[in-house]
Number of protein chains: 2
Amino acid sequence: MLTHLTPTSLPRPHSFSEFGMTAESNPSINLNEFTYRRGSEIYGEKEPAQYVYQVLSGTVRSYKLLSDGRRQIGAFHVPRDIFGLENGGFHRFTTEAVVDTAVRLIKRESLEAIAENDGALIKNLLFMTATNLQHAEDHMLLLGRKTSMERVAAFLIEMDRRLTAAGILALPMTRRDIADYLGLTLETISRSLSYLRELGVLRFIDNNQRHVVIMDRRQLVEFDRQT
Amino acid sequence: MLTHLTPTSLPRPHSFSEFGMTAESNPSINLNEFTYRRGSEIYGEKEPAQYVYQVLSGTVRSYKLLSDGRRQIGAFHVPRDIFGLENGGFHRFTTEAVVDTAVRLIKRESLEAIAENDGALIKNLLFMTATNLQHAEDHMLLLGRKTSMERVAAFLIEMDRRLTAAGILALPMTRRDIADYLGLTLETISRSLSYLRELGVLRFIDNNQRHVVIMDRRQLVEFDRQT
DNA sequence: CGGGGGCTTGAGGCCACTCAACGATAGTGG
DNA sequence: CCACTATCGTTGAGTGGCCTCAAGCCCCCG
């Protein structure tokens, strides 16, 4: 394992309350924390699912690969998100840390044992699975029918909503990650962002252009023809 | 409503046993049957979800529309499939009958009332939602990263598995439906099928080329580069 | 300070799209 | 029973949006 234990002083902004439990309320569950270095794998596709994860800090990408290396990222997971929840016993994505990332993890078997007698917990699992489904359904529309500009605009709006909701956006992932999320190439991502900057919809701050973006959400939605 | 009641003599090949219940075992649930004429809408996106549906015969398409008419079909539902199950109170797709279709329906509220005290039922709902999620995840990979030939091959393999599992396939949907499912155009679908026929992977029987296809599953998987 | 990763930008190419024509079939109404 | 029309599918010709390939810059980091 490339993982290593994190100091207990790590931020704990949120608990596993989405599961209707905490370590305090149910001592049979051990909530451990790990950190993963940028680029390291958290688990692989088709591996047995031992844990469920919650992002504490950092960002995680979930992806599938074709045999020749083509990659489709199905989701990015940001702080508070829960991932790795599988109904069958095996993971259906490979996940990696996009940047140095801290996660809290819970043993799958203990989760299932409790779910057996806890209707509220199962309902929470159902709700989370349905949320993931909704995201995937929206993403199918994007991948199947939207233009490159619409995809990039939708991506920025999604990240703005999930990361900050403030119009100032620190993107943790590379152009290649974005491309593999949107079904495009990194060059197309770069060109689209440059074009949005030319139009004044985006501004890059920080002399390194990559990370921080100021966006005009109003103008951006014009580029993403919604439903 | 464009629907009309079906005669009680309609085939009842399968029950709602996926819900862990039947009308006999739980008389508080009324399982009604309806038929929909080819092309008619079953429910619209964002409508309140009143019913959950099971296909008895025929085929249903679930889709989302962009404002300019671009359409993405998220799934086809064939006999035995359950659709319209929403975690929130509103449908997230529009659904239409691809051909004349008979469905069995169950009131959502009665389902929820029973789920309240029935852990096995909730687990079934979770399982079905997870199955839908898995399909959507695989479809994202197809839409984001596969070539037209790979998509068409994957489509034929999926339909062969779900409709017959026999190598002889009666496709109920049009080229346009297939195109909107695979994120392509109808012309590209037609050309891909013609090409597969030239190669001897497919044969059309029935003088109308549309409906019945004999396929060589072995050869087809060569065209769909899997994971 | 050398190397590698990430980003941008340009030039050219190709896969899927667009536009168009045509044939076949099913449904409709006189 | 037969136009008439609409729908569906196939195929060809040409286009274009995104991809591929390449060069160069910047920054980080050993």
Side-chain angles (χ1 to χ4, degrees), chain A residues 37-39 61 68-72 96 98-100 142-153 155 170-198 202-213 223 225, chain B residues 37-40 61 68-72 96-100 142-153 155 170-198 202-213 223 225:
Chain A
R37 295 215 176 281
R38 133 196 278 260
R61 56 178 172 253
D68 60 0
R70 280 173 288 173
R71 182 178 70 158
Q72 179 61 43
E96 293 171 353
V98 173
V99 294
D100 289 356
L142 180 150
L143 293 171
R145 286 298 177 223
K146 289 188 178 179
T147 67
S148 61
M149 284 301 301
E150 290 167 344
R151 296 182 200 206
V152 171
F155 170 76
L171 294 174
M173 66 289 287
T174 67
R175 302 288 187 255
R176 173 167 294 281
D177 285 334
I178 300 172
D180 287 348
Y181 181 56
L182 300 180
L184 299 168
T185 61
L186 65 93
E187 293 94 335
T188 296
I189 302 298
S190 183
R191 278 185 248 270
S192 301
L193 291 174
S194 294
Y195 181 61
L196 287 172
R197 182 181 46 187
E198 284 173 26
L202 298 183
R203 274 190 307 163
F204 297 107
I205 59 178
D206 202 352
N207 41 8
N208 178 350
Q209 297 187 317
R210 176 171 154 210
H211 282 110
V212 182
V213 173
F223 283 92
R225 306 230 164 280
Chain B
R37 294 217 176 282
R38 131 198 281 257
S40 64
R61 56 177 171 253
D68 60 359
R70 281 172 287 172
R71 183 178 68 159
Q72 179 62 43
E96 293 171 351
V98 173
V99 294
D100 289 355
L142 179 149
L143 293 171
R145 287 299 179 220
K146 289 189 179 180
T147 67
S148 61
M149 285 301 300
E150 290 168 344
R151 296 182 200 207
V152 171
F155 170 75
L171 294 173
M173 67 289 286
T174 67
R175 301 290 187 253
R176 173 167 293 281
D177 285 334
I178 300 172
D180 287 347
Y181 180 57
L182 300 180
L184 298 168
T185 61
L186 65 92
E187 294 93 334
T188 297
I189 302 299
S190 184
R191 279 185 248 271
S192 299
L193 291 174
S194 294
Y195 181 61
L196 287 171
R197 183 181 46 189
E198 283 173 26
L202 298 183
R203 275 189 308 162
F204 297 108
I205 60 178
D206 201 353
N207 41 8
N208 178 350
Q209 298 186 314
R210 175 172 155 210
H211 282 109
V212 183
V213 173
F223 284 91
R225 306 230 164 280

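So that the names make sense, note that chain A is the first sequence line, chain B the second, and so on, each numbered from 1. Predicted model only: the values in this text are computed from it and were never measured.
Using a cutoff of 4.0 Å between basic side-chain nitrogens and carboxylate oxygens, A:E198 and A:R191 are not scored as salt-bridged.
Of the candidates D:dT20, D:dG9, C:dT18, D:dT20 carries the atom nearest the A:R191 side chain, counting heavy atoms from C-beta on. Checking C:dA16, C:dT8, D:dT11 against every side-chain atom of B:S190, the shortest atom distance belongs to D:dT11. Each of D:dT11, D:dC18, D:dC8 was ranked by its minimum atom distance to the side chain of B:E187; first place goes to D:dT11.
Look at CZ on B:R38: it is 9 Å from C1' on D:dT7, rounded to the nearest Å. Distance B:I189 CD1 to D:dT11 C1': 15 Å, rounded to the nearest Å. Atom-to-atom, CZ of B:R175 to C1' of C:dT25 comes out at 14 Å; the value is rounded to the nearest Å. In this entry the distance linking CZ of A:R151 with C1' of D:dC19 reads 13 Å, nearest Å. Between B:R145 atom CZ and D:dC18 atom C1' the separation is 11 Å, expressed in whole Å. Taking atom CD of residue B:E150 and atom P of nucleotide C:dA16, one finds them 9 Å apart after rounding to whole Å. The distance from atom CG of B:L186 to atom C1' of D:dC8 is 9 Å, rounded to the nearest whole Å. Whole-Å rounding puts the A:R70 CZ to D:dC19 C1' distance at 13 Å.
Residue A:G183 is classed as a sugar-phosphate contact, given heavy-atom separations below 4.0 Å to backbone atoms only. At a threshold of 4.0 angstrom between heavy atoms, the contacts of B:S194 are confined to the sugar-phosphate backbone, with no base atom among them. When heavy atoms are screened at a 4.0 angstrom cut-off, A:S148 is found touching the sugar-phosphate backbone but no base atom. Using a 4.0 Å heavy-atom criterion, one finds that A:L184 contacts the sugar-phosphate atoms exclusively.
Remark: B:T185 is not in phosphate contact with C:dA16, judged by side-chain N or O atoms under 4.0 Å from OP1 or OP2. The shortest distance between the side-chain N/O atoms of A:T188 and the OP1/OP2 oxygens of D:dC19 is below 4.0 Å.
Atom OG of B:S194 sits about 11.0 Å away from atom CD1 of B:I189, to the nearest 0.5 Å. The CE atom of A:M149 lies 6.5 Å from the OH atom of A:Y195; values are rounded to the nearest 0.5 Å. With rounding to the nearest 0.5 angstrom, the CG atom of A:L171 is 5.5 Å from the CD1 atom of A:I178. Atom-to-atom distance recorded for B:D100:CG and B:R38:CZ is 7.5 Å, nearest 0.5 angstrom.
Between D:dG14 and D:dC18, the two P atoms lie 23 Å apart (nearest whole Å).
The nearest heavy atom of DNA chain D to A:K146 and to B:L193 marks one nucleotide each, and the one closer to the 5' end goes with B:L193.
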